[in-house]
Amino acid sequence: MSQARCESLVAHNRVACYNAGPKTHGRWSHRRSMPSEPRYRLDPIDPVQLRLLGRLPPQQRVSLMLEARELVVGLIRGRLRCQYPTLSTRATNLKLL
């Protein structure tokens with residue numbers, strides 16, 4: 001009977017097992033560990049919000065999109081300034097790209 005020693009590699013969401021047995025000849029095997037629940041990167045879609053945005057004329061929708069982009073870029077720029085306080089504005093803008 002083979003003995004398996006498993007190590008969890010959390011950073012890569014993988015599990016590595018060293019199988020020391022007569023059939024495996026001491027090989028490492030890798031398999032993906034399945035998360036218990038799916039990870040969502042974005043919030044669920046709000047149908048009411050979509051309906052309201054759909055009623056707006058195109059120029060207002062584009063205007064809202066540009067304002068949202070400006071907010072996100074500002075948040076990222078602020079985070080970069082906190083991470084790299086010695087960088088110039090030009091260097092921060094280059095990191096932003």
When every non-hydrogen atom of Arg61 is compared with those of Leu53, the smallest separation belongs to CD-O, 3.2 Å
Closest non-hydrogen atoms of Ile45 and Pro47, given as atom of the first, atom of the second and distance, are O-CD, 3.3 Å
If I take atom [atom1] from residue [X] and atom [atom2] from residue [Y], how far apart are they, to the nearest 0.5 angstrom?
{"X": "Arg81", "Y": "Lys95", "atom1": "CZ", "atom2": "NZ", "value": "14.5 Å"}
{"X": "Leu94", "Y": "Leu80", "atom1": "CG", "atom2": "CG", "value": "11.0 Å"}
{"X": "Leu87", "Y": "Thr92", "atom1": "CG", "atom2": "OG1", "value": "4.5 Å"}

Would you say that more than 12 heavy atoms from the other residues, nucleotides or ligands in this model lie under 6.0 Å from the CD of Gln83, or not?
yes
Heavy-atom count check: over 12 atoms from other residues, nucleotides or ligands less than 6.0 Å from Leu50 CG?
yes
Item to check | ILVMFWY network linking Leu64 to Val73, side-chain heavy atoms under 4.5 angstrom | outcome: no
ask   = When hydrophobic residues are tied together by side-chain contacts of less than 4.5 Å, even through go-betweens, does Leu96 share a cluster with Tyr84?
value = yes
Does any non-hydrogen side-chain atom of Gln59 lie less than 4.5 Å from one of Ser63? no
For residues Cys82 and Arg79, determine if any side-chain heavy atom of one lies less than 4.5 Å from a side-chain heavy atom of the other.
-> no
Query raised in the report: Is Arg77 reaching over with its side chain to a backbone N or O of Asn93, donor-acceptor style, under 3.5 angstrom?
Result: no
